Amino acid sequence: MTPGEVWEAARSRGYGVGIADHCGRGDFQLQSDESFDIYMRSLEDLPVWRAVELDLGNPGSVAPHRLARCDYLIGGVHSLPWGDGDGRLDFFDPKIEVDDPRPVIDRILEEIDRGARRYRFHILAHPGLLPLVLRDEAGGILDENWEAGLLALARRHGFALEISSRWELPGERLVEKARRLGIRFSLGSDGHSRERMCCLDYSLWMVKRCALETQQIYWPPNEKSLSVSKTTEPTGYVR
């Protein structure tokens, strides 16, 4: 979809929209100053918030003064430096094997901390996303100690937690803990397909489930000419 098509899809649902393409190493990402500049030009005539999702475990080489042109920054962990040399643990590689999940989740927190110090990002994407091989066991792996570590980082660095409708993350327990600590939230479709674009069913369901109020939702600082519905209901999400 073009940026204009994304904006039209959001407007048809009564949503304000931020567009955040991936930024890091890899051909599918914005990995250079030149590609970032082309991307920003594609958004300049649209009433959208301009953002990128930084690949915290695999950062690219876009200059900091260019990233400062964004209305906000998202940080996400999709892979980790792993093993010797240039080895990587790719969260989407089905061939990756992990003997012990503890070093993985510890390293995720380290990359979030390092990325927050380096980029001062505003939103943490899909908190709790794990490598494919570990996802079926996520309920036991992402225990209360991990949650405490994540929430401590959110409070220290001031970033919001995305409630991701694509990944249905984070779960209710973590959202409730974050709400009580005054941590803010962002609602994200993480739309990687036309069908998922602007689909916020899980996000809106969690807002109602945990009685999140308007002031607890992250809102970008720059005003845009957006026509946003004051009340939006989930469409058919049942839990």
Side-chain angles (χ1 to χ4, degrees), residues 20 22 24-26 28-29 53-58 74-84 87-115 123-154 159-179 183 185-210 212 234-239:
H22 285 276
R25 291 190 180 93
F28 70 98
Q29 305 201 75
E53 181 177 339
L54 300 162
D55 195 351
L56 300 181
N58 193 24
I74 300 174
V77 182
H78 312 93
S79 67
L80 297 169
W82 204 252
D84 299 326
R88 301 206 63 77
L89 194 163
D90 185 336
F91 287 13
F92 299 91
D93 186 346
K95 298 178 183 178
I96 293 290
E97 296 183 3
V98 177
D99 295 328
D100 181 2
R102 175 55 59 181
V104 176
I105 62 175
D106 288 346
R107 190 62 183 269
I108 290 172
L109 293 178
E110 290 172 9
E111 292 297 336
I112 293 171
D113 187 27
R114 184 178 294 109
I123 298 167
L124 178 67
H126 40 66
L129 183 69
L130 293 173
L132 275 170
V133 69
L134 299 178
R135 288 179 197 171
D136 289 344
E137 307 169 46
I141 295 172
L142 300 176
D143 57 17
E144 296 203 25
N145 287 331
W146 183 85
E147 291 178 347
L150 178 65
L151 295 175
L153 291 177
F159 55 73
L161 301 179
E162 178 193 40
I163 301 177
S164 170
S165 283
R166 180 186 184 195
W167 300 106
E168 298 192 1
L169 291 169
E172 183 179 349
R173 185 177 71 183
L174 182 59
V175 172
E176 279 288 357
K177 288 180 179 180
R179 180 186 64 81
I183 294 168
F185 303 91
S186 168
L187 312 183
S189 67
D190 200 357
H192 281 242
S193 68
R194 188 177 295 271
E195 294 73 25
R196 295 298 303 171
M197 190 66 60
C198 299
C199 179
L200 292 173
D201 284 1
Y202 178 81
S203 308
L204 294 169
W205 176 83
M206 190 62 74
V207 166
K208 295 187 72 174
R209 179 77 174 178
C210 296
L212 300 181
T235 53
Y237 192 89
V238 178
R239 199 70 173 170

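For this chain, numbers begin at 1 and follow the sequence in order. Because the structure is a prediction, the values reported are computed rather than measured.
- Rounding to the nearest 0.5 angstrom, the gap separating the CE atom in M206 from the CZ atom in R209 is 8.0 Å.
- A heavy-atom distance below 4.5 Å is found between the side chains of L142 and L130.
- A donor-acceptor pair is defined here as one N or O able to donate and one able to accept, closer than 3.5 Å; no such pair exists between the side chain of R107 and the backbone of W82.
- Rounding to the nearest 0.5 angstrom, the gap separating the CG atom in L132 from the CG atom in D136 is 9.5 Å.
- Proximity of a side-chain donor or acceptor of S165 to a complementary backbone N or O of S203 within less than 3.5 Å is detected.
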Please evaluate residues L204 and L187 with respect to the criterion side-chain contact (heavy atoms from CB on, under 4.5 Å), reporting the C-alpha separation (whole Å), side-chain torsions for both, the decisive distance (0.1 Å), and the verdict. CA-CA 8 Å; L204 294 169; L187 312 183; 4.1 Å; yes
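- Listed by first and then second residue, the salt bridge (charged side-chain N to carboxylate O under 4.0 Å, His left out) pairs that reach into residues 191-200 come to none, sequence neighbours excluded.
- Minimum heavy-atom separation, W167 to R135: CZ3-NH1, 3.5 Å.
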Starting from the C-alpha separation in whole Å, work towards a yes-or-no answer on side-chain contact (heavy atoms from CB on, under 4.5 Å) for F159 and I183. CA-CA 8 Å; F159 55 73; I183 294 168; over 6 Å; no
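- Across every non-hydrogen atom of H126 and L169, the tightest pair is O-CD1, 4.2 Å.
- Salt-bridge check for E176 with R173: failed, with every basic side-chain N at 4.0 Å or more from each acidic carboxylate O.
- Atom CD of E172 and atom CD1 of I163 lie 10.5 Å apart (nearest 0.5 Å).
- Taking each heavy atom of L89 and P131 in turn, the nearest pair found is CD2-CG, 3.3 Å.
- Below 30°, between 30° and 60°, or above 60°: for H192 and H22 the angle between ring planes is between 30° and 60°, a tilted geometry.
- The distance from atom CG of L150 to atom CG of L124, rounded to the nearest 0.5 Å, is 6.0 Å.
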For the pair V77 and L129, evaluate side-chain contact (heavy atoms from CB on, under 4.5 Å) and give the outcome as yes or no after the intermediate values. CA-CA 8 Å; V77 182; L129 183 69; over 6 Å; no
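- To the nearest 0.5 Å, the span separating CG on D190 from CE on M197 amounts to 9.5 Å.
- I108 is listed as a side-chain neighbour of L80, based on a closest heavy-atom distance under 4.5 Å.
- E162 places no side-chain N or O within donor-acceptor distance of the main-chain N or O of S186, the cut-off being under 3.5 Å.
- Side-chain contact between P81 and E111: present, with at least one pair of heavy atoms (C-beta onward) separated by less than 4.5 Å.
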Distance-only donor-acceptor hits, side chain of residues 98-105, under 3.5 Å, sequence neighbours excluded:
from : atom 1 : to   : atom 2 : distance (Å)
D100 : OD1    : R102 : N      : 3.1
R102 : NH2    : D143 : OD2    : 3.1

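- What you find for L151 and A178 is that their closest heavy atoms are CD2-CB, 3.7 Å.
- Here the closest heavy-atom approach between residue P127 and residue W146 is recorded as C-CH2, 4.3 Å.
- Atoms CG and NZ, from D90 and K95 in turn, are 11.5 Å apart once rounded to the nearest 0.5 Å.
- The nearest pair of heavy atoms linking F185 to V175 is CZ-O, 3.5 Å.
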Check step by step if side-chain hydrogen bond (donor to acceptor under 3.5 Å, both in side chains) holds for Q29 and H78. CA-CA 12 Å; Q29 305 201 75; H78 312 93; 5.7 Å; no
